[in-house]
Amino acid sequence: MIPFDGIFTKVALICLFASTGWSRMKRHYNGYTVSDSDSELEPLIINRGPYFDTSVSKNVTALVGKTTYLSCRVRNLGNRTVSWIRHRDLHLLTVGRFTYTSDQRFVSIHNPMTEDWTLQVRYPQRRDGGVYECQVGTTPPIGHTMVLSVIEPITTLLGGPEMYINKGSTMNLTCIVKHSPEPPPTIYWAHNSQEINYDSPRGGVNVITEKGDNTVSYLLIQKARDSDSGKYTCNPSNANPKTLTVHVLNGEHPAAMQHGGQLRLEYPFSAVLLSILVAVVGP
């Protein structure tokens with residue numbers, strides 16, 4: 001039988017061990033947590049070697065002509081060298097901070113205070129899309145691949161290239177911007193190469209723009225006049241412009257005519273807004 005004071009001594013020893021155990025500071029090496037009792041593992045963890053932070057090194061979608069960046073974060077790099085390789089032709093683009101290709105649109109960017117190695121692609125074109133690899137010069141080399149997608153937004157003007165409407169009716173020009181990674185910040189409308197002034201004395205000119213995966217901009221012109229004939233251009237700030245020619249007619253009825261006040265809509269929400277706007281402004 002264990003004496004009472006013996007039990008108390010054992011409990012005290014267990015508490016002391018627990019206290020000193022929990023008081024140990026745990027240290028972190030490259031994602032691993034190591035306590036003082038794991039000292040035999042420290043050389044293995046510390047010498048793990050370079051590895052990629054895949055949470056930062058991701059695929060990228062870029063616009064044609066707009067400079068873009070592929071980011072590669074390499075941890076525990078040491079004195080190794082980081083290179084960028086294009087898989088399409090296995091072309092070596094950069095080594096360290098130096099451009100290795102004759103195509104000077106490719107530039108390696110690195111801040112010594114960070115672990116990031118960035119490939120800058122100036123004025124990207126559709127042909128630049130594909131797989132790129134961030135590679136570290138270990139033995140054997142290790143690499144992390146990313147996909148660069150280069151897209152060119154498409155601008156469409158419904159009813160073009162020629163539109164015919166009755167004099168005195170409501171003109172509705174609908175411009176749609178598709179395949180843009182982000183909605184265009186601004187869409188400019190022009191008539192015969194002159195930007196439209198919505199506060200002009202002519203009056204009855206309004207624009208509604210709905211931004212989204214497909215951005216839609218509606219140009220509404222009330223009580224169409226002969227002077228409203230001409231070329232209309234929809235010019236998104238991040239896409240190519242598109243132009244159509246409007247003919248305001250007196251009684252003629254070409255097959256392509258947009259009949260007075262008839263608004264061709266593809267989105268129910270837009271239809272509600274436009275119907276309210278037409279009702280307020282009046283024919």
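If you read the sequence from its start, that first residue is 1, and numbering goes on from there.
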### Query
Parallel, tilted or perpendicular: which fits the ring planes of F106 and Y132, with parallel below 30° and perpendicular above 60°?
tilted
Test item: [X] side-chain N/O and [Y] main-chain N/O as donor-acceptor pair under 3.5 Å:
| X | Y | value |
| --- | --- | --- |
| S237 | T186 | yes |
| T138 | P140 | yes |
| N235 | Y188 | no |
| N76 | G49 | yes |

For [X], does the [atom1] atom have more than 12 heavy-atom neighbours from other residues, nucleotides or ligands under 6.0 Å away?
| X | atom1 | result |
| --- | --- | --- |
| F52 | CZ | yes |
| Y123 | OH | no |
| D213 | CG | no |

### Query
Which distance, rounded to the nearest 0.5 Å, do you find between the CD1 of I221 and the OG of S169?
10.5 Å
### Query
How long is the span from the CG atom in L173 to the NZ atom in K242, to the nearest 0.5 Å?
14.5 Å
Exactly one of [options] should register a side-chain hydrogen bond (donor to acceptor under 3.5 Å, both in side chains) with [X]. Which one does?
| X | options | result |
| --- | --- | --- |
| R105 | D128, T99, T67 | D128 |
| R73 | T114, T118, D116, T54 | D116 |
| T233 | N192, T243, T155 | T243 |

### Query
Run the side chain to side chain contact (heavy atoms under 4.5 Å, CB included) check on S217 and E210 step by step: do they pass?
CA-CA 6 Å; S217 183; E210 298 176 5; over 6 Å; no
### Query
Going through the distances and angles, do M171 and V246 end up as a side chain to side chain contact (heavy atoms under 4.5 Å, CB included)?
CA-CA 9 Å; M171 182 193 308; V246 173; 3.7 Å; yes
### Query
So, are E182 and K66 salt-bridged, with charged N and O less than 4.0 Å apart?
yes
### Message
Using a strict threshold of under 4.0 Å (side-chain N to carboxylate O), is an ion pair present between R202 and D228?
### Response
yes
### Message
Under a 3.5 Å threshold, yes or no: a donor from one side chain and an acceptor from the other, between E133 and T145?
### Response
no
### Query
Looking at E115, R80, R75, which one forms a side chain to side chain contact (heavy atoms under 4.5 Å, CB included) with P50?
R80
### Stepwise side chain to side chain contact (heavy atoms under 4.5 Å, CB included) check, V207 with Y198
CA-CA 8 Å; V207 166; Y198 307 112; 3.2 Å; yes
